[in-house]
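This report refers to the structure that appears directly beneath it.
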Amino acid sequence: MEFKFDKEENKEQIVAFMEFLDSKKNTPGPLMPSLQRAQDVFGFLPKEMLETISKELSIPMAEIYGVATFYSQFSFVPTGKNKVSVCLGTACYVKGAQSILEEIESQLGIESGETTVDEVFSIAAARCVGDCSIAPVILVNEDVYAKVKKEDITEILAKYN
Amino acid sequence: MTNSIQEIKGTDAMFIIGSNTSENHPVIGAIMKQAKKAGAKMIVADPRRIEMAEYADVFLQLKPGTNIALLNGLMHVIIEKGLQADSYIDEKTENYEELKRLVKDYTPERVAEICGVDAQDIIDAATIYGEAGKAGIYYTMGITQHTTGTHAVMSISNLALLCGNVGIESAGVNPLRGQNNVQGACDMGGLPADLPGYQKVFKPEVLDKFQDSWGSKLSNKVGLTITEMFKAIEEDQVKFLYIMGENPMVSDPDTNHVRKILDHVDFMVVQDIFLTETAEMADVVLPAAAFAEKDGTFTNTERRIQRVRKAVEAPGEAKADWIILMDIMNRMGDETRYLNPAIIMEEIASLTPSYGGVTYKRLETESLQWPVPDQNHPGTKFLHKTAMARGRGLFMPVEHVESAEITSDEYPLILTTGRILYHYHTMTMTGREDGLNKLAPSSYVEINEASANKLGIENGDRVKIYSRRGELETTALVTDIIEEGVVFMPFHYTEGKANILTNSAIDEIAKIPELKVAAVRVEKA
Amino acid sequence: MITKEKLFEIKEKTKPSLVEKLLEGDRVEFRGDDLVLKGEYYKKQVRIALKNCDIIDPTDIDEYIAFDGYFALLKALTEQEPGDVVAEITESLLRGRGGAGFPTGRKWNEAYKFDADKKYIICNADEGDPGAFMDRSILEKDPHSVLEGMAIGGYAIGSDQGYIYVRAEYPMAVKRLEIAIKQAKEYGLLGNNIFGTGFNFDIELRLGSGAFVCGEGTALMESIEGRRGMPRPKLYRTAHKGLWGKPTIINNVETLANVPAIMNKGAKWFRSIGTEESPGTKVFALVGKVENAGLVEVPMGMTLREIVFDIGGGAQDGKEYKAVQTGGPSGGCIPADLIDTPVDFESLGKIWSIMGSGGMVVMDENTCMVDIAKFFLDFSVDESCGKCVPCREGTKRMHEILDRITKGEGVEGDIERLENLSKTVSSTSLCGLGQTAPNPVITTIKYYRHEYEAHIKDKSCPAKSCKALIKYEITDDCIGCTRCAKVCPVVAITGKVKEKHLIDQAICIKCGACYDVCPVDAISII
Amino acid sequence: MNTVKLTINGKQYEIEKGTFVLKACSDIGIDIPTMCHDERLVPSGSCRLCQVEVEGWGKLHTACTTQVKEGMVIHTHSEKVVKARQDLLDMLISNHPLDCLTCESAGACKLQDLCYEYGITEGTYRWEMSKPYYDDTNPFYTFDASKCILCGLCVRVCDELQGTNAIGFENRGFETLVATPFGEGLENSTCVSCGNCVSVCPVGALEPRSKMKFRQWEIETTRTTCSYCGVGCQMDLKTKNNRVVGVEPAFDAHNEGLLCVKGKFSYNFLSHPDRLTMPLVRKDGVLVETTWDEAYNVITSKMKQTKEDFGSDSFAGLTSARCTNEDNYMFQKMFRSTLGTNNVDHCARL
């Protein structure tokens, strides 16, 4: 998917992010918090911001790139407005989470890890979210849906469309 | 170098001044970075924000030609803060009071003004150097290629003595030699006043020793330095010039002037591996073997004498330099024949105390750093361990003076020159490597964004540069690694040759030209 | 600055009204002096780490103090030398609740003895085992117990800086921790000169970013330092050379939550609970196909039967109980006939499983054990950091074999291949993740070899779970309601109203939709 | 010296405390295979091949990360150890192309050598292979990820020794790849083409480009000193048919296995067609090829003439910071002894 990071559009966020980086200078281990903040603020890790982190914190780009690609929560492409996370923890799995994921994938026409063309939804297969006693669980953004059945999916997704 | 390359790893602080180490001595640069990673502090002083600056704890982006002021300023702060090595100064040095008096005027504020750096950075740098247990200073042509070069070297030595950094491991005063065997060429007597091992031609006992060995009458008159040779050629004193493996047409300042001189000399022999710009002007050109085609030794920047071994045959009829020279000497009546370089080394060892214990046999299994006075001596890792070479270390306080050429309305910018990673010297070798030419294809001038804006120059534009000695055209590289008012050019290239512009004014003591400072004007072409 | 008097004052002020309020709510009751949750589910439980959970308001530090919160820290700081604290914890035989069960006192002692200008204590809250949420509950419902445990640990080893490394997937836990740290700092229970003793201790939160391997101590430190979470080779002990090369101890959330209780009530009391070698309690996340899912804290040594049946109520929906999986991707499946195994570090190890962090997933007759092994290997392949050869290449190959077996493409020798790979991966991997990754395969082959053989030789899945090996058929019970035909996404079902329907096997994609909607259970899986 | 006594393969040894088992074994001549170890780097323990059995220590232990201890009983080639190594090599070769016939590194490939030694053929698990990735943007060397075994030596050398950090790891697990940021290729990275990564690659993943085809076993090597800057790095020239075809750094010298782009790759000038092969003399204003005899005659007769007409001090010579000590010695001797002047200097102040 082709997209461009619009610096003009993100001007305010960039300023705030630069302030954050400033506060992280000379503190131990600033990289992870900085990447997390960038992911949070911009919805993904824009290359331009990684270059900024590299410059401001004097961390080689190769190292930053290595870290950014190691952790599954970082992404180089923007995620959709609504993030659907399907828990695939053991408890959810034994209670049929795989087929729930497949149902969501087929309804949205994308695979896990992808974003719909209109950028409304993206799907992520989550590791255990810790709601095992109400398995199977899906999350849409921060809303938790417990004991989800396949036939519930249409209704749940409709709320966010 | 007073100390060894590997000792850098053990240092507490490194002070890199006038040395673009990671480009010009890449392996030493790498070792410095390793030391930094291991916890050593690093101070870098250079007119350009070179790669090493990115690793530095303190980076001083000083104006070209202000080294002495900076060094004096650092000493001022060190004394002010009481960081000097008092007992060392008492026991091992002399003339301290004089130094103290002189640097008193070099307050951080005043030095900051002269050098164009932050006063606080000067204080920080001085504190790092002064507080370090073992600190090494590393410098190259950024120090020496000034009319005040020798004085700057003295200043460096003053700083090192002040903090007791001479004669101990992982410290010292460490000029990094630019060419592979510049150390050896000097060691072997490639100097007008020195026979091998820096034995003076005017000392009768020295002369006697060599006359006995060589069986000839030697002159006790100090010879001419290169600049004096050129002058003597102009004045018809010197008629016959013999150049072995050098290319002054590219490497020397004020190219137009060099050309005039080489044109003028009566007879010139050039011995080289390629038909260089200089060789093209010769009367006789002799094809020489390259390093991989002959046996011998090089002496590196840390005084390490190492073998060079023949791996392939020289092309065509090219011969090793020593054979050519021996042939000529034979034809001139000196009958001595050397079967191989090992036998030449035997003669060198017999006449040169510092090489006294060097033999090819030892070099097969050992690596020797001179002085190696005898067969049983293991060589010397760092100098001045037991005593200063001249007894006590002498402080030689010097004042800051401006460069020979200063900027004017007509020539408002300072041009400084240097080498880049991907080429070597006059490019006779590297210019013939496709990959290097791909990475660094042509001449350019680095110019600060603000300076460029004022001149209406954009990155990649062709520009003309003028100095009092000549002009050239090259490509602008707009960059923030250099400050306003200063421009930088690599000197390697024949097209857009920086030395057309440079100043041949020399340091009166060491006879080194001021290649690092020339006043220029830049215009869009 | 907080003082002893101030602490008492808060307790006195808060406790009576709080107790009253709680009792009114009818959710709690007194058991001896302790307030505990009411109900059958809690009867057999003994709650130490969870004692405040679902009882106090985790966002109100006063409520924590009301039930003796921070009194253990007070006692340690004002009455004991660091060495005494280390001795007390050593004496209690508290063992790490994160999985490996290493004695906490010994860990602390190593760091305590090691002289250094800076030391760190890290709380490992990177609870990554799928099917486990013990730590999450403690962090969300009783965050101060962890902070207090860390401060005591910091005092014991001589550290003034703690880090809590918490999973990014737990946003609520992060919020609660932030609030708790803020409150503790305001009270002076964190910060400089705590209780006027000159002891300084600060805690910083660090978030994970989705890498299971960061639960491994050295990988966790790499991550805090800002690198890829790749485990370090064990050149040095973490207690000597850990975070930023300084002595560091890493304790799990539940372990730390036990510390204040031990300090308050003493090592002897602690050892009176549980077994001789594994004293105290353990929290389990009892989940999966079990009637009463939830968190369970029981004394060590309780049998699986008591936990799964007496507390959990056995398998769900009247299905037949088949196995319980403990220890997540590092653990094993324990078959029904070992249901009387006591749950402690040693006993579980003997039957090829591990205690792990406390995940306990119940499986019934419809759970295919090959599929479960594949599920865990899929997890391990995905979460392998890629540093060492056996984990990176070996788990991948194991997963490939399991995958083809569940697809009916298994070939003769696959079981032996799996066994061989398991042996190599577990004996040669760099860190615990790789070393234990084959456990689910080892135990399922050990106890359910016949299921593997059925997949490979008979191309059938005994649990009727592997899609490729089953087919759906409509039985004579069909009443022709047409619901199955309507729901079928590929129109594989035909039939007239009120007549028996038929599934075209060539079209069927085995999605199971028809099976789910049939009102009369007329669809069978063969 | 602080030593410990231990038993290795049934023999007693006394070894300095703190020594790693791998080093201890190599010092006493026991060859333990490893693909990821380099004495200059922090041990990584990633290839797992150096594992040995220590009696009473349970599972196997990597020799590169385990220090010698008093009373240890080590087996470096027990059945268990050999089996583990075979299995690990099987995993590696299963995910590696079997193109040794055309691979430039054949004959100098550790994977090839070890598979041969441990009797591993084509690999049991040749199923999914690592994603292909090829970087040919650097003029001096190429990177082929399909041959990479992820030992990490290149990444660690670039970081720990060279300090350039041009390359790193991308992704994790089976998807791990050695790459430049955003996969933009070496030419767009901070790479300085030092080739120190190439020098440590144990397989054919990082491959120098050579103008001439050669097999590793056809090569002769000659230890010499680099002819560029004053650092004087030691290196081995690789030659075939009287031509230099490659350079390897010396690991047992002060440069500790490091070189720069010039030392490692800029050797083609040696066989460049521009090389001077015959003496030249100026005739009618142009330089023309001649014999040595004539060239010498022209020079010596001019020397004699000049000396007679203008005296010794009418000669001046520039000796070379590029030539050997012996060349320089001869040059100044010729000037001082034969021509009788001290007018000798050099251009090395530049």
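We use all heavy atoms of the structure for the numbers below, so side chains are in, but hydrogens, waters and symmetry mates are not. Quick note on labels: first sequence line is chain A, next is B, and so on, each numbered from 1.
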Interface check, chain B: of D/Thr239, D/Leu259, D/Asn138, D/Leu280, most non-hydrogen pairs under 4.5 Å belong to D/Leu280
Which bit of D/Val244 comes within less than 4.5 Å of chain B, counting heavy atoms only: side chain, backbone, both or neither?
both
Closest heavy-atom contact between B/Ala185 and D/Ala321?
CB-CA, 4.0 Å
Residue, of D/Asp274, D/Thr291, D/Thr341, D/Thr290, that accumulates the most heavy atom pairs under 4.5 Å with chain B
D/Asp274
Heavy-atom proximity to chain D below 4.5 Å, by part of B/Thr430
both
Part of D/Cys194 within contact of chain B (heavy atom distance under 4.5 Å)
neither
Interface moiety of D/Thr338 toward chain B, non-hydrogen atoms closer than 4.5 Å
side chain
Donor-acceptor pair between B/Glu433 and D/Asn268 side chains, under 3.5 angstrom:
yes
For D/Lys333, which atoms come within 4.5 Å of any heavy atom of chain B: side chain, backbone, both, or neither?
both
Let me know if B/Glu228 has heavy atoms under 4.5 Å from chain D in its side chain, its backbone, both or neither.
neither
Looking at D/Asp293 and B/Arg331, is any side-chain nitrogen of the basic one under 4.0 Å from a carboxylate oxygen of the acidic one?
yes
Check whether any side-chain heavy atom of B/Leu191 sits under 4.5 Å from a side-chain heavy atom of D/Gln332, and report yes or no.
no
Take the angle between the ring planes of B/Phe240 and D/Phe315 and call it parallel below 30°, perpendicular above 60°, tilted in between.
tilted
Per-residue contact mode, D/Glu160 against chain B (heavy atom under 4.5 angstrom):
backbone
Before you tell me yes or no, could you show the steps for D/His272 and B/Phe274 under side chain to side chain contact (heavy atoms under 4.5 Å, CB included), namely the whole-Å CA-CA distance, both residues' side-chain angles and the distance that decides it to 0.1 Å?
CA-CA 9 Å; D/His272 197 280; B/Phe274 287 104; 4.1 Å; yes
Please state whether the side chain, the backbone, both or neither of B/Ile273 comes within less than 4.5 Å of a heavy atom of chain D.
both
Is the closest side-chain heavy-atom distance between B/Ile324 and D/Trp292 below 4.5 Å?
yes
Quick check on B/Gln211 against chain D: is it the side chain, the backbone, both or neither that has a heavy atom closer than 4.5 Å?
neither
For the residue pair B/Glu317 / D/Thr277, report whether a side-chain donor-acceptor contact shorter than 3.5 Å exists.
no
Go through it in stages, so that I can follow the logic: the residues are B/Tyr424 and D/Arg322, the test is side chain to side chain contact (heavy atoms under 4.5 Å, CB included), and I'd like the CA-CA distance, side-chain angles, deciding distance and then a yes or no.
CA-CA 11 Å; B/Tyr424 186 75; D/Arg322 319 282 298 121; 3.2 Å; yes
Could you tell me which portion of B/Asp334 (side chain, backbone, both or neither) has an atom closer than 4.5 angstrom to a non-hydrogen atom of chain D?
side chain
One pair to check against side chain to side chain contact (heavy atoms under 4.5 Å, CB included): D/Lys302 and B/Val284. What are the steps and the verdict?
CA-CA 11 Å; D/Lys302 186 73 188 175; B/Val284 180; over 6 Å; no
Decide yes or no for D/Thr224 and B/Arg307: does some side-chain heavy atom of the first lie under 4.5 Å from some side-chain heavy atom of the second?
no
Is a donor on one side and an acceptor on the other found under 3.5 Å between the side chain of D/Glu326 and the backbone of B/Thr297?
yes
What part of D/Arg209 is in contact with chain B, defined as an atom under 4.5 angstrom from a non-hydrogen atom: side chain, backbone, both or neither?
neither
Can you measure from CG (B/Leu195) to OH (D/Tyr329) and round to the nearest 0.5 angstrom?
9.0 Å
Are the side chains of B/Val285 and D/Arg282 in touch, meaning some heavy atoms are under 4.5 Å apart?
no
So B/Leu286 and D/Ile299, do their side chains get closer than 4.5 Å, heavy atoms only?
yes
Interface check, chain B: of D/Val281, D/Asn328, D/Asn242, D/Leu339, most non-hydrogen pairs under 4.5 Å belong to D/Asn242
Is the shortest side-chain heavy-atom distance between B/Met244 and D/Leu318 below 4.5 Å?
no
Measure B/Lys221 against the heavy atoms of chain D and call it side chain, backbone, both or neither at under 4.5 Å.
both
I'd like to know which of D/Pro139, D/Ala316, D/Gly317 tops the heavy-atom pair count under 4.5 Å against chain B.
D/Ala316
Against chain D, label B/Met429 side chain, backbone, both or neither, depending on which of its atoms sit under 4.5 Å from a heavy atom there.
both
Interatomic distance, B/Met326 atom CE to D/Asp327 atom CG [nearest 0.5 angstrom]:
11.5 Å
Could you tell me which portion of B/Asp194 (side chain, backbone, both or neither) has an atom closer than 4.5 angstrom to a non-hydrogen atom of chain D?
backbone
side-chain hydrogen bond (donor to acceptor under 3.5 Å, both in side chains) with B/Asn181: of D/Asn325, D/Thr225, D/Thr324, only one passes, and it is D/Asn325
What part of D/Phe335 gets closer than 4.5 Å to chain B, counting heavy atoms only: side chain, backbone, both or neither?
side chain
What part of D/Thr306 gets within 4.5 angstrom of chain B, counting heavy atoms only: side chain, backbone, both, or neither?
side chain
Cut-off 4.5 Å, heavy atoms of chain B, and the answer for D/Leu237 is side chain
D/Asp345 side chain to B/Ile226 backbone, donor-acceptor under 3.5 Å:
yes
Residue part contacting chain D, namely of B/Val269, when any heavy atom lies under 4.5 Å:
side chain
Chain D contact via B/Asn24 - which portion, at a heavy-atom distance below 4.5 Å:
backbone
Note, D/Met330 side chain near B/Asp321 side chain (heavy atom, < 4.5 Å)
no
Is B/Lys310 in contact with chain D via its backbone, its side chain, both, or neither, using a 4.5 Å heavy-atom distance?
backbone
Face-on cation placement of B/Lys239 at D/Phe310 ring, 6.0 Å and 45° thresholds
yes
Using non-hydrogen atoms and a 4.5 Å limit, figure out which bit of B/Arg304 sits close to chain D: side chain, backbone, both or neither.
side chain
Determine the option with the most heavy-atom pairs under 4.5 angstrom with chain B, choosing from D/Cys260, D/Ser312, D/Ala295.
D/Cys260
How about B/Ile328 and D/Thr300: do any of their side-chain heavy atoms sit closer than 4.5 Å?
yes
Is it the case that D/Glu256 and B/Gln6 place a side-chain donor and acceptor less than 3.5 Å from each other?
yes
Segment of D/Lys304 engaging chain B (4.5 angstrom heavy-atom cut-off)
both
I would like to know whether B/Gln306 and D/His254 meet side chain to side chain contact (heavy atoms under 4.5 Å, CB included); could you show each step before the answer?
CA-CA 11 Å; B/Gln306 307 186 109; D/His254 66 286; 3.3 Å; yes
Would you mind checking which part of D/Lys211 comes under 4.5 Å of any heavy atom in chain B, side chain (CB onward), backbone (N, CA, C, O), both or neither?
side chain
For residues B/Trp214 and D/Ser337, report the shortest heavy-atom separation together with the two atoms involved.
CE3-CB, 3.7 Å
Counting heavy-atom pairs closer than 4.5 Å to chain B, which one of D/Asp313, D/Thr221, D/Asn241 comes out on top?
D/Asp313
Taking side chain as everything from C-beta outward and backbone as N, CA, C, O, which of these in D/Phe140 sits under 4.5 Å from a heavy atom of chain B? Side chain, backbone, both or neither.
side chain
Could you look at B/Ala288 and say if it's the side chain, the backbone, both or neither that has a heavy atom under 4.5 Å from chain D?
backbone
